[in-house]
Amino acid sequence: MLEAEAPEALEKRVKERREGLPELPNAVKGDVILRFAPNPNGPLTLGHSRGVIINSQYAEMYNGKMILRFDDTDTKIKRPDLKAYDWIKEDFTWLAGRKPDIILEASERMPEYMAHAKQFIDDDYMYVCKCTADDFKQLRIEQQECPCRANSALKNSDLWNQMNDPEGGFNEGDAVVRVRTGMNHKNPALRDWPALRIQRSPHPKVGEKYRVWPLLDFQSAVEDHIQEVTHIIRGKDLMDSTRKQKLLYEMAGWDYPETLYWGRVKVHEFGGFSTSQMKVDIENGDYNGWDDPRLPTVRALRRRGFSAAAMRKFWIELSLTQKDISVPLATLISHNSTEIDSSTPRLSFIQNPVMLALNCDEIELPDAIDIPCHPLQKEMGVRSWELPSDCGLQVYIEKEDFDIALASDGRIRLKDFADVEVSENKRGKITSMERSDERPIVHWLTEAMATNCILLRPDEKGEQLDDIEGLFEKNSYPNGTIIQLERIGFSRLEPNDRDPSMTQMIWTHT
RNA sequence: GCUUGUGUGGUGUAGUUCGGCCCAUCAUGACGGGUUCUCGAUCCGUCGACCCGGGUUCAAAUCCCGGCACGAGCACCA
């Protein structure tokens, strides 16, 4: 209809700039099932947040379901951290703005995987291989079948039982279960890939209940089928995983989910996001913990005052491409500023304070002054600063601003208050409440409103964590509030563990 | 080596399926200016890209061929 009447209109619509995420292929509203499957060996990193956000965003777009699955089937190399299960649930919920629809732990789903493994062995889709890893590697390169491959399903069934039997004589590395894909497959990565292996180190959740554990490609393949996952979004480094799993799905007569990929992401300021490396660095004492503001973990970013909404916008804007990208943190910061600027109350923080004694004989001061909490959002109210009645007013300004004042004949304006004139001896007088000229404007604090405070701020390289002491405006905002320090930048209030009598905040960005 | 993916301004991204309204979108960045009692916010302007070489075509970022560059997999990790 439209095509017949106005073909150019149809075409133009296609050319319009796409907003948000691209459509999911073969997605039926209401039927989409997605999953995010991290290894619980630490809390989520900024890199993981892409998976949480993109998947949950699609779930929302298509009214679908979102599964959070803990892929904890390795007890040795990437040993699960018991605390990480809860950390990840927290991080997920904060990022996505909602809880996952389904939570699974692979270690808890072992009976399913074992049953499928047994069935596949009986069906002769998989066989037990007793070659060493090195020997098999050689066979794979030469496209030669190993002797174990000739064993019957019956024999393999016995070997399988033997693998699972503590008295069976098989130790770690002695035998694996392989998928019979073919040793002449042109892609070497797909040739009779390993599906399960023996692990003797106890699992932190289920102990020594199992000897044989599935590898990712097998566990994930089976679980995605059981959960009827419709779309898998994964890193393009897992493209061969898709190909391996598709071969298994074909044998089993299952339908493989639609698969989409993204490329590697780096953030200039952080580099990569290796959970294991961070773990080592924290244990070495290089960082204070997973929420150390120099670390690219979700909890560190949250602590620093980044909002989940900003992170969502950030990832949606980067979209879903297979390009390996390296983004400056400035992009995230920009999203965060626009996200929080209109809701963050303004407060005064004076570093390197200089106290000025002001004489106000010439002027009649009110009992108190009201300063807006936000220059634009009037409904946020005012902060009321009482002024002394005895005409002796003591205020703090930054040393740097004091120098600016001296450089402009001692004339400076205390923002939202009055023009003053000061001299080198740190004394001065208030000359006018009204703004009388273009003299520099500085932020300030009355003595009564000032309280000691520490601003925790990573240095520019993100190596050191500096304690900046200063005077902070008294306020009643609770910990966790993100504020904006006049003329400095955003920061977030947090408890001070070292000295509860002192308030503390952590630097966000300008 | 085999397999597999990606190449649009400084950084990301749209457009590539079905060639033309693309002398290429939007954002970020840098620079300049307006506004503002914050160095914030806001507004305006400027800068800057289709990896290279051929080919097809009236017409190519888009199709074909050939290069080049960078990445990933080939783990009894995820």
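We name chains A, B, ... by the order of the sequence lines, and we start the count at 1 in each one.
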Residues which pass salt bridge (charged side-chain N to carboxylate O under 4.0 Å, His left out) with A:Glu23, listed by chain and number, not counting sequence neighbours: none
Applying a 4.0 Å non-hydrogen cut-off, can you work out what A:Thr73 is touching in the nucleic acid: base, sugar-phosphate, or nothing? sugar-phosphate
When we call it a touch if two heavy atoms are under 4.0 Å apart, what does A:Thr510 touch: a base, just sugar-phosphate, or nothing? nothing
Would you tabulate the pairs of protein nitrogen or oxygen atoms and nucleotide nitrogen or oxygen atoms of nucleotides 70-72 of chain B closer than 3.5 angstrom?
unit_1 : atom_1 : unit_2   : atom_2 : d
B:G71  : O2'    : A:Asp324 : OD2    : 2.9

Side chain of A:Val176: nearest nucleotide among B:G40, B:C2, B:C76? B:C76
Just call it for A:Ile325: base, sugar-phosphate, or nothing, with non-hydrogen atoms closer than 4.0 Å on any strand. sugar-phosphate
Would you classify A:Gly173 as touching base, sugar-phosphate or nothing, given that sugar-phosphate means primed atoms plus P, OP1 and OP2, and contacts are heavy atoms under 4.0 Å? base
Give one of base, sugar-phosphate or nothing for A:Pro375, where a contact means two heavy atoms less than 4.0 Å apart. base
Measure the distance from CG on A:Asp217 to P on B:C76 and round it to the nearest whole Å. 11 Å
Non-neighbouring partners of A:Gln138 that pass side chain to side chain donor-acceptor pair (under 3.5 Å), sequence neighbours left out: A:Glu142
Could you say whether A:Leu318 or A:Glu486 is positioned toward the 5' end of RNA chain B, judged by the nucleotide with the nearest heavy atom to each? A:Leu318
Are side-chain N/O atoms of A:Thr75 and A:Arg200 paired as donor and acceptor at under 3.5 Å? no
Would you say the side chain of A:Lys415 and the base of B:C37 hold a donor-acceptor pair, judged only by whether the two atoms sit under 3.5 Å apart? no
Tell me which nucleotide among B:C37, B:A78, B:U3 gets nearest to the side chain of A:Arg413. B:C37
Among the candidates B:C2, B:C76, B:G40, find the nucleotide nearest to the side-chain atoms of A:Pro188. B:C2
Return the nearest nucleotide to the side chain of A:Gln484; candidates are B:G12, B:U38, B:G7. B:U38
Taking CE from A:Met311 and P from B:G12, how many angstroms apart are they, rounded to a whole number? 18 Å
Can you pull the salt bridge (Lys or Arg N to Asp or Glu O under 4.0 Å) pairs that have at least one residue in residues 376-385 of chain A, sequence neighbours excluded? A:Arg383-A:Glu473, A:Arg383-A:Glu486
Decide, yes or no, whether a salt bridge links A:Glu105 with A:Arg69 under the criterion of side-chain N to carboxylate O below 4.0 Å. no
Return the set of residues passing side chain to side chain donor-acceptor pair (under 3.5 Å) with A:Lys313 (not counting sequence neighbours), or none when no residue passes. A:Glu339
Quick one: label A:Lys137 by what it contacts on the DNA or RNA (base, sugar-phosphate, nothing), any heavy atom closer than 4.0 Å. sugar-phosphate
Nearest whole angstrom, please: distance from the C1' of B:G73 to the CZ of A:Arg234. 13 Å
Say you pick atom C1' in B:U17 and the same atom in B:G34; how far apart are they, in whole Å? 46 Å
Where RNA chain B forms runs of at least three Watson-Crick or G-U pairs (i with j, i+1 with j-1, under 3.5 Å), the stems are B:1-7 with B:68-74, B:10-12 with B:26-28, B:29-34 with B:42-47, B:51-55 with B:63-67
A:Lys323, nearest nucleotide to its side chain (from B:U3, B:G7, B:C77): B:G7
Report the residues that fulfil side chain to side chain donor-acceptor pair (under 3.5 Å) with A:Asn352, sequence neighbours left out, ordered by chain and then residue number. none
Over 12 foreign heavy atoms within 6.0 Å of CZ, A:Arg487: yes
In whole Å, measure the gap between the C1' atoms of B:C22 and B:A69 for me. 26 Å
Remember a base hit wins even if backbone is also touched, and classify A:Thr344 as base, sugar-phosphate or nothing at under 4.0 Å, heavy atoms. nothing
With sequence neighbours left out, which residue pairs that include part of residues 405-414 of chain A fulfil the salt bridge (Lys or Arg N to Asp or Glu O under 4.0 Å) condition? A:Arg411-A:Asp437, A:Arg413-A:Asp419
By nearest-heavy-atom nucleotide on RNA chain B, the more 5' of A:Leu320 and A:Glu400 is A:Leu320
Which residues pass the salt bridge (charged side-chain N to carboxylate O under 4.0 Å, His left out) test with A:Arg35, not counting sequence neighbours? A:Asp224
Side-chain atoms of A:Ser319 come closest, of B:C37, B:A14, B:G12, to B:A14
What contact category does A:Asp71 fall into here, base, sugar-phosphate, or nothing, at under 4.0 angstrom with non-hydrogen atoms? sugar-phosphate
Side chain of A:Arg435: nearest nucleotide among B:G5, B:C37, B:A14? B:C37
Among residues at least two apart in sequence or on other chains, which ones pass salt bridge (charged side-chain N to carboxylate O under 4.0 Å, His left out) with A:Glu223? A:Arg109
For atom NE2 of A:His185 and atom P of B:G73, their distance in whole Å: 19 Å
Once you round it to whole Å, what is the distance between P of B:A24 and CZ of A:Arg18? 21 Å
Under 4.0 Å protein heavy-atom contact, by nucleotide of nucleotides 28-36 of chain B - B base, S sugar-phosphate only: S--------
Pick the C1' atom in B:G7 and in B:C52, then give their distance to the nearest Å. 11 Å
How many whole angstroms separate atom CG of A:Leu376 from atom C1' of B:C43? 13 Å
Per A:Lys186 side chain, nearest of listed nucleotides B:U4, B:G15, B:C77: B:U4
Side chains of A:Thr321 and A:Trp262 only: does a donor on one sit below 3.5 Å from an acceptor on the other? no
Whole Å only: how far is the NE2 atom of A:His335 from the C1' atom of B:U13? 11 Å
Should we say atom NZ of A:Lys266 is surrounded by more than 12 heavy atoms from elsewhere, each under 6.0 Å from it? no
Tell me the interatomic distance from A:Ile316, atom CD1, to B:A14, atom P, rounded to whole angstroms. 13 Å
Partners meeting side chain to side chain donor-acceptor pair (under 3.5 Å) with A:Arg149 (sequence neighbours left out): A:Asp192
